[in-house]
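Okay, so here's the structure we're looking at.
Here, residue 1 is the first one in the sequence, and each next residue gets the next number.
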Amino acid sequence: MKSSKILYIVIISLVIFEPITVLGRRSRGRPRVKTQLGSSRLPIGAKWKDDETAKYYEHNGGAKIEKASHFDMEYSIGHKIYFMCIAVGNPRPEVLWYKDGIEIYAHQHLMIHEWRIGTEKLKSKMEIDPATQRDQGIYDCVAHNKYAYDRRSFRTELDLD
């Protein structure tokens, strides 16, 4: 039930505003999106639907991912894949992991580690060992608390060389 609420919030927020990205050459790092002065969550040219929405997403205690792994990762079969997110917020955010839009849980070859840092931070690491061909895809780290959510995406590609 909790994951369906998160998914609903993600879908609704994508409908609320359409982000405008700054195009550039493709790099191995996270795609860069320029934001408006004074706003850490809203791309240039985008506007909040209404004042209540702006108040919710710009709350000082809202969950925010302050550090994350690189966007692209090439891997070889049998090797380790891992991604990391550090989220901050008050109250401390929870972190959920998704693969291709479906929430993932720890199992024999996938482990999720979490470390609480102080009263407002959480470090979460998702690790797959050994990696298989079916581990290729888009992974999302979603941090959320009662005020906001933040998401980072990562892509894994099988290295055939």
**OP:** Nearest 0.5 Å please: distance from the NZ atom of Lys80 over to the CG atom of Asp129.
**Re:** 5.0 Å
**OP:** Work out which heavy atom in Ala68 is nearest to a heavy atom in Arg152; give both atom names and the distance.
**Re:** CB-CG, 3.9 Å
Original post:
With a 4.5 Å limit on heavy-atom distance, are the side chains of Lys121 and Glu66 in contact?
Top reply: yes
**OP:** Determine the minimum heavy-atom distance between Ser76 and Ala131, stating which atoms define it.
**Re:** O-CB, 4.2 Å
Original post:
Are Leu160 and Ile77 connected, step by step, through hydrophobic side chains (Ile, Leu, Val, Met, Phe, Trp, Tyr) whose heavy atoms are closer than 4.5 Å?
Top reply: yes
Subject >> Taking every non-hydrogen atom, the tightest pair across Ser153 and Ile138 >> reply: CB-CG2, 4.4 Å
**OP:** Taking all non-hydrogen atoms of both residues into account, name the closest pair between Gly62 and Tyr147 and its distance.
**Re:** CA-CB, 3.7 Å
**OP:** Would you check if Arg92 and Arg116 make a side-chain contact, meaning some heavy-atom pair closer than 4.5 Å?
**Re:** yes
Subject >> Residue pairs passing the disulfide (SG to SG under 2.5 Å) test where at least one lies in residues 57-161, sequence neighbours excluded >> reply: Cys85-Cys141
Original post:
Is Lys125 positioned over the aromatic face of Phe83, cation under 6.0 angstrom from the ring centre and no more than 45 degrees off axis?
Top reply: no
**OP:** Working to the nearest 0.5 Å, report the span between CD1 of Ile65 and CE of Met84.
**Re:** 10.5 Å
Subject >> Exam field: side chain His70 to backbone Asp72, donor-acceptor pair closer than 3.5 Å >> reply: no
Original post:
Which distance, rounded to the nearest 0.5 Å, do you find between the CG of Asp135 and the CE of Met73?
Top reply: 11.0 Å
Original post:
Is the backbone of Gln136 close enough, under 3.5 Å, to the side chain of Tyr75 for a donor and an acceptor to pair up by distance?
Top reply: yes
Original post:
Between Val95 and Trp97, is any pair of side-chain heavy atoms under 4.5 Å apart?
Top reply: yes
**OP:** With rounding to the nearest 0.5 Å, note down the distance linking NZ in Lys99 to CG in Leu110.
**Re:** 10.5 Å
Subject >> Side-chain heavy-atom pair Ile81, Phe154 within 4.5 angstrom cut-off >> reply: no
Original post:
To the nearest 0.5 Å, what is the distance between OH (Tyr82) and CD (Glu127)?
Top reply: 9.0 Å
Subject >> Gap between atom CD1 of Ile117 and atom CG of Leu122 - 0.5 Å precision >> reply: 7.5 Å
Original post:
Do Arg155 and Glu157 come close enough that some side-chain heavy atom pair is under 4.5 Å?
Top reply: yes
Original post:
Where do Glu120 and Pro93 come nearest, in terms of heavy atoms and distance?
Top reply: O-CD, 3.7 Å
Subject >> Side chains of Val142 and Tyr149 in contact at under 4.5 Å (non-hydrogen atoms) >> reply: yes
Original post:
Is there a path of hydrophobic side-chain contacts, each under 4.5 Å between heavy atoms of I, L, V, M, F, W or Y residues, that connects Tyr139 with Met111?
Top reply: no
**OP:** Using a 4.5 Å cut-off on heavy atoms from C-beta on, say whether the side chain of Ile104 contacts that of Met126.
**Re:** yes
Original post:
Can you name the closest pair of heavy atoms from Ile112 and Ser124 and give their distance?
Top reply: CG2-OG, 4.0 Å
Original post:
CG of Asp100: more than 12 outside heavy atoms within 6.0 angstrom?
Top reply: yes
Original post:
Between Arg151 and Asp140, is the closest basic N to carboxylate O distance under 4.0 Å?
Top reply: yes
